[in-house]
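The residues of the chain are indexed from 1 along the displayed sequence. This is a predicted model, so every value here is computed, not measured.
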Amino acid sequence: MAEAHQAVAFQFTVGPDGIDLQLSHEALRQVYLSGLHSWKKKFIRFKNGILNGVYPGSAPGFMLVLAGYLGRAHYLKVDPSLGLLVKLDNFSVWTSCEYMSVQKQMLVGGVMVGTGLWIAIIFSMRTVLKGLLSWHGWMFAPHGKMTWQIRLWLILVNIFSGMQTPMLYSFQNSLPHLPVPSVKDTMRRYLESVQPLLSDEEHRRMQSLALDFEKNLGPKLQWYLKLKSWWASNYVSDWWEEYIYLRGRGPIMVNSNYYVMDFLYAFPTHLQAARAGNIIHAIMLYRRKLDRAQIKPLFALMNSVPLCSAQWERLFNTCRIPGIETDTVQHMSDSRHIVVHHRGRYFKVWMFYDGRLLLPREIEQQMERILADTSEPQPGEETLAALTAGDRVPWACARNAYLRHGKNKKSLDTVEKAAFFVTLDDTEQRPESLDHYAKSLLHGKCYDRWFDKSINLIVFKNGTMGLNAEHSWADAPIVGHLWEQVLSMDPVKLGYTADGHCRGEPHPNLPGPQRLQWNIPPECQTMIANSLSVAVALANDVDSHIIPFSDFGKGLIKKYKISPDAFIQLALQLAHYRDKGKFCLTYEASMTRLYREGRTETVRSCTMESCAFVRAMISNKTREEKLCLLTQAAKKHQQMYRLAMTGQGTDRHLFCLYVVSKYLGQDSPFLQEVLSEPWRLSTSQTPLQQGELFDLVNHPEYVTTGGGFGPVADDGYGVAYVIVGEKLINFHISSKCSSPETDSHRFGNNIRQAMLDMLNLFELDKKTLK
């Protein structure tokens, strides 16, 4: 269908009179516009690179420094060049004195010296700013209190951050490096974290192992880590990406990839092609802002403390490539197309025409063409993507043996080098069945998402949609930032017509999508079938449950001066104890993006204080005693979260020490035991980073559902939660059906009851709850 519309730049015939060229002016025009777009993007990146390189300096600042320096020299009647050109003439064959007057020599030399002075000021400001940002005392101050030391520190941070508006990557060179904690502190924090989970005898044994490690092998491993921290931008992130994500040989579907959902209550349109048109256009607009570094960097503490933006670099044009021993992440500097999957077929859709980005109605037009295509999948094509859902080694073998030659290589390159992947799903999803909706986004049919792509946009038959994201290249807040902007644009800024179509008109001459061609041999089809069976078994074992908890939200929790996150984590501890009758090692992800190239750290939420609170809740203690223990446990949790964010966590340090021990070939019984402990309760808060984009007071229907992930342990729970506005908390719970110990619906009921029971400790009247 699509090939007939493709323009050919030129054709030629050879005859008795020579070669007759037949040029297609329309095709040449498109080639010219494409090249113009490419050079424009290169220029913008070059310009942004210079601006980021000299930040916090600016052009006005340069002129001010230069004018001030030359003016001072003129006023004092001194040589502004400091004799620079004369000194250069002594080491050069070319002499400036032959071509320039003395005044010109002084002016040129003065400009050179002034430029050097400006560069020195920039590096001095950057060094001072890095030192200021290395101090995190503000994070440990009592909530709501601003001491004079913090106020003075904020003033200095704002001064040395420069006067111009920063771009996305402006602060990267000013961010401090992640510090390496001392072995002694890490041992102390680790032993404290496992104390509520071990008997006295088991804890004494771990103390002995930890002490032996601290005195013997630990210092040697620490020396290598210190060396790496001085040399590398971040001593954790590259190893974390490689060993936690890329070297895993099991399926990334369910085990690693995560999902993000649509609006909870709003349905902007019932037309699948129209919803895809608006969303794809909004995503491409976000990518254009990203290419131009026009996305505002994120800040903490009154928009003054910058967070690292490095993870945005691989949001688009990125694909995970399977390998025998380890995968790699392939990132393209640019991609002008997307790949769309529908009913087992793959289509290449260009996102630009006439030198511009396609408009929403034009993208809808392309989606309509794909939906109207009645052709059948080629042999092996329908379930091809199951290779990305199964084990990594068979996928790597199949890719190398059967998909790296001829038309298969061309089609595979088209998929892997696309800006992102789109699935036009042939099922319908509704909020009445959020559990089924979550499972569909998490794994689908196991062959209708390309799980290796950085992001998969899934648009369902009734217009509902969502994302599935690969995890190795970045963490969930980056995808969440994209998703917030896309959702805010869709129903309001872009909008739909009365009959549900995108605004605008179809393009009369727009070339259609290109069907990708495959030649998949029977041997490869067998490997696809094997991967599909592995993936289907994994998907069928997932037990998902979504709870939109609307009884109360963070607004009410904060009235009683308790951190909403700490409150929820304690509710999860209480719910888990009621569910299983025991405590477990608990993982909560916190970010370390206060540091350059920071990703995450673990907060071990099961503490002695949280366990004391849980035991009190199931005992006959008075309300006052329970409330006191709740407050103590919440404060402890906040303290641990702050330590994790400021590089004083436990688990990333232990992980890196373990990696060094493996490089040195020296086994540590302590590290082996620590890193083999299972996380039977894995939790994560999905932060709402751009609340100003949504007017939830006047439009409460535009609340987001959030997102979730699969279970981490075979006999454990995965819980993601998003705090939306002041009155809603959405919980995404996952576990495995095969485990007799877990039940996501039962755990969901326990979470709801735990939240209500904890709220009752405050003896709230009905007026307060409203």
Side-chain angles (χ1 to χ4, degrees), residues 1-2 5 260-286 338-343 345 347 349-354 356-375 420-434 436-437 440-441 448 456-467 482-513 693-696 698-705:
M1 55 166 275
H5 297 281
V260 188
M261 284 182 161
D262 200 352
F263 293 119
L264 182 57
Y265 304 118
F267 295 91
T269 180
H270 65 285
L271 298 179
Q272 184 178 21
R275 193 75 194 282
N278 263 8
I279 297 302
I280 292 172
H281 181 76
I283 293 176
M284 292 301 294
L285 288 179
Y286 186 93
I338 62 173
V339 169
V340 180
H341 178 278
H342 178 244
R343 290 200 307 108
R345 292 107 19 104
F347 299 86
V349 181
W350 292 102
M351 286 286 97
F352 296 86
Y353 189 72
D354 279 342
R356 61 168 176 81
L357 176 65
L358 294 186
L359 299 175
R361 186 63 184 90
E362 294 166 348
I363 300 175
E364 180 186 358
Q365 178 182 353
Q366 299 289 54
M367 299 302 111
E368 289 173 336
R369 288 171 170 173
I370 293 173
L371 293 172
D373 189 310
T374 58
S375 61
F420 54 94
F421 193 85
V422 178
T423 295
L424 297 177
D425 203 294
D426 55 3
T427 65
E428 295 188 0
Q429 301 297 334
R430 293 287 184 184
E432 302 86 59
S433 181
L434 287 174
H436 189 271
Y437 178 23
S440 184
L441 289 176
D448 52 355
N456 285 253
L457 171 65
I458 300 107
V459 185
F460 297 98
K461 196 173 182 180
N462 60 334
T464 304
M465 52 96 187
L467 285 182
L482 159 71
W483 202 234
E484 288 169 19
Q485 294 221 7
V486 168
L487 289 179
S488 68
M489 289 186 66
D490 176 32
V492 179
K493 296 180 182 178
L494 298 178
Y496 299 89
T497 62
D499 55 356
H501 288 280
C502 296
R503 294 170 180 169
E505 298 295 331
H507 196 293
N509 302 315
L510 184 64
L693 296 177
F694 304 93
D695 182 7
L696 297 181
N698 297 318
H699 297 282
E701 70 275 14
Y702 289 148
V703 298
T704 176
T705 317

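- For the atom pair L510 CG and W350 CH2, the distance stands at 12.5 Å (nearest 0.5 Å).
- One N or O on the side chain of Q366 and one on the backbone of P511 form a donor-acceptor pair closer than 3.5 Å.
- Applying the salt bridge (charged side-chain N to carboxylate O under 4.0 Å, His left out) test to pairs two or more places apart or on separate chains, none has a residue in residues 491-507.
- Between N278 atom CG and M465 atom CE the span is 9.5 Å, to the nearest 0.5 Å.
- We find the CE-CZ distance between M367 and F347 to be 10.0 Å, quoted to the nearest 0.5 Å.
- A side chain to side chain contact (heavy atoms under 4.5 Å, CB included) with Y702 is found for one member of V492, L487, L693, L264 and no other, namely V492.
- The main-chain N or O of L482 is never found under 3.5 Å from a side-chain atom of Q485 such that the two would form a donor-acceptor pair.
- For the residue pair N462 and E428, the shortest heavy atom distance occurs at OD1-CA, 3.7 Å.
- Using a 4.5 Å heavy-atom cutoff, the side chains of F352 and L358 are not in contact.
- Remark: side-chain polar atoms of Q429 are not paired, donor with acceptor, to backbone N or O of F460 under 3.5 angstrom.
- Legend: residues meeting salt bridge (charged side-chain N to carboxylate O under 4.0 Å, His left out) with R361, ordered by chain and number and at least two apart, are E364, E368.
- Residues M489 and L285 come closest through the heavy atom pair CE-CD1, 3.4 Å.
- No donor-acceptor pair closer than 3.5 Å links the side chain of T705 to the backbone N or O of M261.
- Residues that satisfy the salt bridge (charged side-chain N to carboxylate O under 4.0 Å, His left out) test with E484, not counting sequence neighbours, are absent from this structure.
- A donor-acceptor pair is defined here as one N or O able to donate and one able to accept, closer than 3.5 Å; no such pair exists between the side chain of H342 and the backbone of D425.
- For H270, there are no side chain to side chain contact (heavy atoms under 4.5 Å, CB included) partners two or more places apart in sequence or in a different chain.
- Take S375 and apply the side chain to side chain contact (heavy atoms under 4.5 Å, CB included) test, not counting sequence neighbours, and it matches R345, D373, R515.
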Trace of the side chain to side chain contact (heavy atoms under 4.5 Å, CB included) decision for F263 with T704: CA-CA 5 Å; F263 293 119; T704 176; 5.5 Å; no
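- Using modelled atom types, one side-chain atom of T423 and one backbone atom of D448 make a donor-acceptor pair closer than 3.5 Å.
- Side-chain contact check for E362 versus M351: every heavy-atom pair is 4.5 Å or farther apart.
- At least one side-chain heavy atom of Y265 sits less than 4.5 Å from a side-chain heavy atom of V703.
- Among all heavy-atom pairs drawn from A282 and L494, the shortest one is CB-CD1, 4.1 Å.
- The salt bridge (charged side-chain N to carboxylate O under 4.0 Å, His left out) contacts involving residues 261-277 comprise D262-R275, R275-D490, where partners must be two or more places apart or lie in separate chains.
- When every heavy atom of T269 is checked against every heavy atom of L271, the shortest pair comes out as OG1-N, 3.2 Å.
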Side chain to side chain contact (heavy atoms under 4.5 Å, CB included) between L371 and L424, worked out: CA-CA 8 Å; L371 293 172; L424 297 177; 3.9 Å; yes
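- Counting all heavy atoms, side chain and backbone alike, C502 lies closest to T497 at O-CG2, 3.9 Å.
- For the pair L457/F421, no side-chain contact is recorded, criterion being any heavy-atom separation below 4.5 Å from C-beta on.
- Contact annotation: the side chain of I458 approaches that of L441 to within less than 4.5 Å [non-hydrogen atoms, C-beta and beyond].
- Side-chain contact between V422 and I279 is absent, with no heavy atoms from C-beta onward closer than 4.5 Å.
- Summarising the geometry of I363 relative to A276, their closest heavy-atom pair is CG2-O, 4.4 Å, with the distance given to 0.1 Å.
- Using cut-offs of 30° and 60° for the angle between ring planes, the H507 and Y353 rings count as perpendicular.
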